[in-house]
Amino acid sequence: LSPTLEVIMDTEIDKKLGERLRTHREKLGFTQEFVAKKMGLDSQVIISAIESGTRKIKAQELSQLAKIYFCDITYFLDSEAEKSEEILVYWRECPDQSIAKVKEQEFINFCNHYYDLEKKLNLDHKSSLKQLNYKADDYSFDKIESMAEDLSNEMKLGSRPACSLRKILEEKYNIKIFYYDLGISGSAASAVGKFGYAILINSSEPVWRRNFDLAHELFHILTWSIFKHEDVHRNDGTKSIVEQWADAFAASLLLPQVEVSREFKNKMQNNLISLVDIVAIAREFEVSTKALMWRLV
């Protein structure tokens, strides 16, 4: 290659790399000023120059940006990266969009790193959990209850499913479950990709809420190929029917009708039960009192 041609090709590579960095920054909602500050720079001039391709990026700078953007360096160096399929994340309670995009990318990055570790250790990353093979029109609240009962029996969750669900999902069905402090922003999420099935739980929530979140997200994983993203998340702020079904599934799975009825009969006196006993039953099944009350409804 002539020196002139080498310079042209080098410039084109810098421009494409800069475009990828800019696209990913904007996807996360970061400003150039924010990124510059995270890198310890006095202004965004260097970031702007890198993204425009007018300045070569140093290896250390690319490593810093990859960490800030929750990506591997190879993602920006791979010419096929931009063509890869976008991984959707389903939220139970979605945080503000400015926060959601960052948390989603961080979640996916966790999944990909875990997947890479599995490959290096020659571990099987595939899950043996089977998707529910019903059509969208087949679903109803009655159907959801029978599905939850069948799954509980298949998984052998026992009489107190919340006590064993996480361990069985991780160890028997190879589902990746991450606990991350989301504060008051968002409760749980799920994703499906080359890494398999993954669930993100807000670690700052009480244990009974985390148990319900886990069962709720399990429904989305089981029906991932049935319902679209827009079926789950509505733009008007109301809860979609799919989300209502996910709640019903979680309640049915964690609160088996026979077992809950038995506990009620044991505590009832003169055909009445006290609020204290209802709270005790909820704690027995490791769910919130609210979840138990809705299950009774």
Out of curiosity, does Trp208 fall in the hydrophobic cluster containing Tyr179 (side-chain heavy atoms, cut-off under 4.5 Å, transitive links)? no

### Task
Report the C-alpha distance between Lys15 and Thr54 in whole Å, list the side-chain angles of each, state the deciding distance to 0.1 Å, and finish with yes or no for side-chain contact (heavy atoms from CB on, under 4.5 Å).
CA-CA 8 Å; Lys15 283 184 177 180; Thr54 58; over 6 Å; no

- Item | Leu255 side chain reached by Leu296 side chain, heavy atoms, under 4.5 Å | no

Do the side chain of Asn266 and the main chain of Arg262 share a donor and acceptor less than 3.5 angstrom apart? yes

Quiz item: Within a radius of less than 6.0 Å around CD of Gln269, do more than 12 heavy atoms belonging to other residues, nucleotides or ligands occur?
Solution: no

By ring pair (Phe, Tyr, Trp, His ring centres under 6.0 Å), Phe110 pairs with (sequence neighbours left out) Phe178, Tyr180

Item to complete: Decide side-chain contact (heavy atoms from CB on, under 4.5 Å) for Leu218 and Leu253; before the verdict, give the C-alpha distance in whole Å, the side-chain angles of both, and the deciding distance to 0.1 Å.
Response: CA-CA 10 Å; Leu218 175 59; Leu253 186 70; 4.0 Å; yes

Notebook entry, point to check: Does Val207 share a hydrophobic cluster with Phe212, counting links as ILVMFWY side-chain heavy atoms below 4.5 Å and allowing steps through other members?
Noted result: no

Whether Asn211 side chain and Glu286 backbone form a donor-acceptor pair below 3.5 Å: yes

* To do: Determine, for Lys16 against Glu19, whether the closest basic-nitrogen to carboxylate-oxygen distance falls under 4.0 angstrom.
  => no

Residues His220 and Glu243: side-chain donor-acceptor under 3.5 angstrom: yes

Exercise for review: Report yes if some heavy atom in the side chain of Ile57 is under 4.5 Å from a heavy atom in the side chain of Leu65; otherwise report no.
Suggested key: yes

* **In one Ile/Leu/Val/Met/Phe/Trp/Tyr side-chain cluster, 4.5 Å: Ile144, Trp294** => no

inquiry  = When you measure from the side chain of Asp138 to the backbone of Lys135, do you find a donor-acceptor pair of N or O atoms at a distance under 3.5 Å?
reply    = yes

Between Phe227 and Tyr139, is a ring pair (Phe, Tyr, Trp, His ring centres under 6.0 Å) present by the stated rule, with each step listed?
CA-CA 11 Å; Phe227 301 113; Tyr139 285 81; 5.1 Å; yes

Margin query: Test side-chain contact (heavy atoms from CB on, under 4.5 Å) on Leu41 and Lys37; report intermediate values, then the result.
Written below: CA-CA 6 Å; Leu41 302 174; Lys37 186 176 181 180; over 6 Å; no

Problem - Close aromatic pair by centroid cut-off 6.0 Å: Phe219 and Phe249 - result: yes

Exercise. With a 4.0 Å cut-off, would you call Glu154 and Lys130 a salt bridge?
Worked result: no

Query - Student check: side-chain heavy atoms of Asn202 and Arg210 closer than 4.5 Å - result: no

| Validation row: Ile241, Phe141 side chains within 4.5 angstrom (heavy atoms) | yes

Distance-only, no hydrogens or angles: does the Glu263 side chain make a donor-acceptor pair with backbone N or O of Val260 under 3.5 Å? no

> When you measure from the side chain of Asp14 to the backbone N and O of Lys56, does any donor-acceptor pair fall under 3.5 Å?
Replying inline: no

**Flag, side chain of Ser127 to backbone of Ile175, donor-acceptor distance under 3.5 Å** = no

Here the gap from Ser252 atom OG to Met147 atom CE, rounded to the nearest 0.5 Å, amounts to 9.5 Å

(Q) Looking at Val232, is its backbone amide N or carbonyl O close enough to the side chain of Ser240 to form a donor-acceptor pair, meaning the two atoms are under 3.5 Å apart? (A) yes

Between the CG atom in Leu17 and the CZ atom in Phe76, the distance rounded to the nearest 0.5 Å is 8.5 Å

Does the Asp231 side chain pair with the main chain of Lys228, one donor and one acceptor, at a distance under 3.5 Å?
-> yes

**Asked** Do the charged groups of Glu26 and Lys101 touch, with an N to O distance under 4.0 Å?
**Response** no

Quiz item: Do the side chains of Val242 and Leu151 join up, straight or via other hydrophobic residues, at under 4.5 Å, putting them in one cluster?
Solution: yes

**OP:** Considering only NZ, NE, NH1 and NH2 on the basic side and carboxylate oxygens on the acidic side, decide whether Lys38 and Glu33 come within less than 4.0 Å.
**Re:** no

Review point. Does Ala148 offer a backbone N or O that forms a donor-acceptor pair with the side chain of Ser152 under 3.5 Å?
Key: no

Checklist entry - Would you say Ile278 and Met293 make side-chain contact, with heavy atoms under 4.5 Å? => result yes

query: Judged by atom type as modelled, is there a donor-acceptor pair below 3.5 Å linking the side chain of Ser140 to the main-chain atoms of Lys143?
result: yes

- Task: Verify the distance criterion only: is there a donor paired with an acceptor across the side chains of Gln257 and Glu149 at less than 3.5 Å?
- Result: no

If you count every heavy atom of other residues, nucleotides or ligands that lies below 6.0 Å from Lys172 atom NZ, does the total exceed 12? yes

Quiz item: Under 3.5 Å, is there a donor-acceptor pair between the Thr74 and Asp72 side chains?
Solution: no

Salt bridge (Lys or Arg N to Asp or Glu O under 4.0 Å) with Lys176: of Glu217, Glu170, Glu171, Glu118, only one passes, and it is Glu118

Check your understanding: Are Leu77 and Leu21 connected in the hydrophobic side-chain network, where two residues link if heavy atoms are under 4.5 Å apart?
Key -> yes

Heavy-atom nearest pair, Ile168 first then Met155, reads CD1-O, 3.6 Å

**Report entry** Side chain to side chain, Phe195 and Asp116, heavy atoms closer than 4.5 Å
**Finding:** no

For Tyr90 and Trp224, I'd like to know if the aromatic rings sit close, meaning centre-to-centre distance below 6.0 Å. yes

Tracing side-chain contacts under 4.5 Å among Ile, Leu, Val, Met, Phe, Trp and Tyr outward from Val258 reaches none

To the nearest 0.5 Å, atom CD of Glu259 lies from atom CD1 of Ile281 at 12.0 Å

With the side chain counted from C-beta on, respond yes when Glu205 and Asp213 share a heavy-atom pair under 4.5 Å apart, and no when they do not. yes

To the nearest 0.5 Å, atom CG of Leu214 lies from atom CD1 of Ile199 at 5.0 Å

So the ring-ring contact (aromatic ring centres under 6.0 Å, His included) pairs with at least one residue in residues 256-288 (sequence neighbours excluded) are none

I'd like to know whether Arg209 forms a side-chain contact (heavy atoms from CB on, under 4.5 Å) with Ser288, so could you lay out the CA-CA distance, the side-chain angles of the two residues, the decisive distance to 0.1 Å, and finally the verdict. CA-CA 7 Å; Arg209 177 66 183 253; Ser288 68; over 6 Å; no

Query - Heavy-atom side-chain proximity of Ser63 to Ile73 below 4.5 angstrom - result: yes

